[in-house]
Amino acid sequence: MIQKKLEAVIFDLDGVITDSAEFHFMAWKKLADKLGIYFDREINERLKGVPRMDSLNIILERDSIPDRYSQEEKEALANEKNDDYVDLIKTITPNDLLPGISNLLHDLQNRKIKTAIASASKNASMIVERLQAGHLFDFVADAGAIKNQKPAPDVFLVSAENISVPPENCVGVEDAAAGIIAIKAAGMVAVGIGDKNILKGADLVLPDTAALTYEVIQEVFG
């Protein structure tokens, strides 16, 4: 029997590496207000880890006229939201790495453990560049090239394939329920960051990234 060995840690981006999730909220809120649709942080929780068009459809559930917008109009609205979001993320700096993440990434690199970003965000590469953290990741997935988004496991499997590590030797880190489902479906160990009640399927849930260390990851993997 081949011994399992921790060879890679695959991270979600929003809410795990940096809190660009707040910028998503701000951009969706601006669009919802413009459309006259109620939107708050509780509804925003449903959008975490969800692709852009699916997120828009969740917001439009509260529109007073069902199916008001054509597919073409929806795409224009989603693009408008993304333009606002991109303007917001241009303000990101290396100081916006979440607590403990820089130390963890350097520690993993020193231990020759590979790292990747598996995000639903089509702006992941831009955000990593703004954080000046590209040298700390072996691969950043292109969400636009992923056929099935979370909770499907595709983005985690593609990430593992691109860093040449079998899924069973990977740990995935997520802050969204859809992401935890995706990690488990990929056959990986799942670490959740956030609320235990939301991230029920995770092998371990930590309150924040400051508690995420190599030792903790190795322990849950083992």
Side-chain angles (χ1 to χ4, degrees), residues 10-35 37-63 66-69 71-86 88-89 92 98 116-128 140-159 172-186 188 190-202 205:
I10 302 178
F11 299 86
D12 179 37
L13 180 62
D14 296 338
V16 173
I17 299 298
T18 188
D19 198 9
S20 48
E22 180 63 17
F23 295 143
H24 278 297
F25 171 74
M26 292 164 67
W28 281 126
K29 182 81 169 74
K30 181 178 177 182
L31 180 66
D33 288 349
K34 175 187 166 182
L35 299 177
I37 297 172
Y38 180 77
F39 183 71
D40 62 15
R41 291 188 182 275
E42 189 175 341
I43 299 166
N44 189 61
E45 281 296 316
R46 294 177 59 198
L47 311 188
K48 285 189 174 179
V50 175
R52 195 181 304 159
M53 291 304 296
D54 293 341
S55 293
L56 176 62
N57 286 327
I58 289 171
I59 290 170
L60 293 177
E61 288 172 4
R62 289 175 173 266
D63 193 1
D67 303 320
R68 184 197 300 258
Y69 302 102
Q71 186 60 30
E72 190 176 331
E73 288 171 326
K74 284 183 181 180
E75 286 172 9
L77 290 172
N79 288 336
E80 181 181 332
K81 176 266 171 183
N82 189 59
D83 288 344
D84 286 333
Y85 173 71
V86 169
L88 289 166
I89 62 177
I92 288 175
L98 285 171
I117 294 277
S119 172
S121 173
K122 292 180 181 177
N123 300 296
S125 291
M126 184 196 304
I127 294 170
V128 170
V140 178
D142 174 11
I146 304 295
K147 185 179 178 184
N148 301 303
Q149 296 291 343
K150 303 169 190 176
D154 299 35
V155 69
F156 285 98
L157 293 173
V158 166
S159 297
V173 185
E174 267 280 358
D175 73 325
I180 296 296
I181 294 168
I183 293 169
K184 297 305 290 182
M188 302 177 184
V191 174
I193 304 294
D195 188 333
K196 282 184 186 175
N197 296 317
I198 294 173
L199 308 173
K200 288 176 184 170
V205 178

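Predicted model only: the values in this text are computed from it and were never measured. Counting from 1, the numbers follow the sequence of the chain as shown. Below, each value reflects all heavy atoms present in this structure, side chains not excepted, and no hydrogens, waters or symmetry copies.
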message: Using the side-chain contact (heavy atoms from CB on, under 4.5 Å) criterion, which residues pair with Asp83? Sequence neighbours excluded.
response: none
task: Answer whether the closest heavy-atom distance between the side chains of His24 and Leu47 falls below 4.5 Å.
output: no
message: Looking at every non-hydrogen atom in both residues, tell me the closest pair between Val140 and Ser125 and how far apart they are.
response: CG1-OG, 3.8 Å
- prompt: What's the shortest heavy-atom distance between Lys184 and Ala190, and which atoms?
  reply: CD-CB, 3.6 Å
- line: Residues Asp84 and Ala27: closest non-hydrogen pair is CB-CB, 4.2 Å
field: Rounded distance (nearest 0.5 Å) linking atom CD1 of Ile183 with atom CE of Met188
entry: 8.0 Å
- request: Identify the heavy atoms of Ala124 and Ser119 that sit nearest to each other, and give their distance.
  value: CB-CB, 4.2 Å
query: Any side-chain heavy atom of Gln71 sitting closer than 4.5 Å to one from Met53?
result: yes
message: Under the criterion side chain to side chain contact (heavy atoms under 4.5 Å, CB included), I'd like the reasoning laid out for Asn82 against Asn123: C-alpha separation, chi angles, the key distance, then a yes or no.
response: CA-CA 9 Å; Asn82 189 59; Asn123 300 296; 3.0 Å; yes
task: Decide yes or no for Tyr69 and Asp63: does some side-chain heavy atom of the first lie under 4.5 Å from some side-chain heavy atom of the second?
output: yes
- prompt: Are more than 12 heavy atoms from other residues, nucleotides or ligands located less than 6.0 Å from atom CD of Glu72?
  reply: no
- request: Rounded to the nearest 0.5 Å, what's the gap from CG on Asp19 to CG on Asp14? Could you check?
  value: 8.0 Å
- prompt: Rounded to the nearest 0.5 Å, what separation is found between the CZ atom of Phe11 and the CZ atom of Phe156?
  reply: 11.0 Å
task: Determine the minimum heavy-atom distance between Ala177 and Leu199, stating which atoms define it.
output: N-CD2, 3.7 Å
query: Between CD1 of Ile146 and CG of Asp154, what distance do you get to the nearest 0.5 Å?
result: 6.5 Å
field: Closest non-hydrogen atom pair between Ile127 and Ser20, with its separation
entry: CD1-OG, 3.9 Å
Reported CD1-to-NZ distance for the pair Ile59 and Lys81, which is rounded to 0.5 angstrom: 8.5 Å
- request: Under the side chain to side chain contact (heavy atoms under 4.5 Å, CB included) rule, what do Leu60 and Leu35 come out as? Steps first, then yes or no, please.
  value: CA-CA 9 Å; Leu60 293 177; Leu35 299 177; 4.2 Å; yes
message: Quick check for you: to the nearest 0.5 Å, what is the distance between Leu56 atom CG and Glu80 atom CD?
response: 10.5 Å
Contacts of Asp175 that satisfy side-chain hydrogen bond (donor to acceptor under 3.5 Å, both in side chains) - sequence neighbours left out: none
- request: Applying side chain to side chain contact (heavy atoms under 4.5 Å, CB included), run through Ile43 and Arg62 and close with a yes or a no.
  value: CA-CA 10 Å; Ile43 299 166; Arg62 289 175 173 266; 3.2 Å; yes
- prompt: For Asp67, does the CG atom have more than 12 heavy-atom neighbours from other residues, nucleotides or ligands under 6.0 Å away?
  reply: no
query: Going through the distances and angles, do Arg41 and Glu45 end up as a side chain to side chain contact (heavy atoms under 4.5 Å, CB included)?
result: CA-CA 6 Å; Arg41 291 188 182 275; Glu45 281 296 316; over 6 Å; no
message: Is any side-chain heavy atom of Asp12 closer than 4.5 Å to one of Lys150?
response: yes
Asn79 side-chain N/O to Glu75 backbone N/O, donor-acceptor pair under 3.5 Å: yes
Other residues, nucleotides, ligands: >12 heavy atoms within 6.0 Å of Glu42 CD: no
message: Is it true that Lys29 and Asn44 share a donor-acceptor pair across their side chains at a distance under 3.5 Å?
response: no
field: Close side-chain approach of Phe25 and Phe39, heavy atoms under 4.5 Å
entry: yes
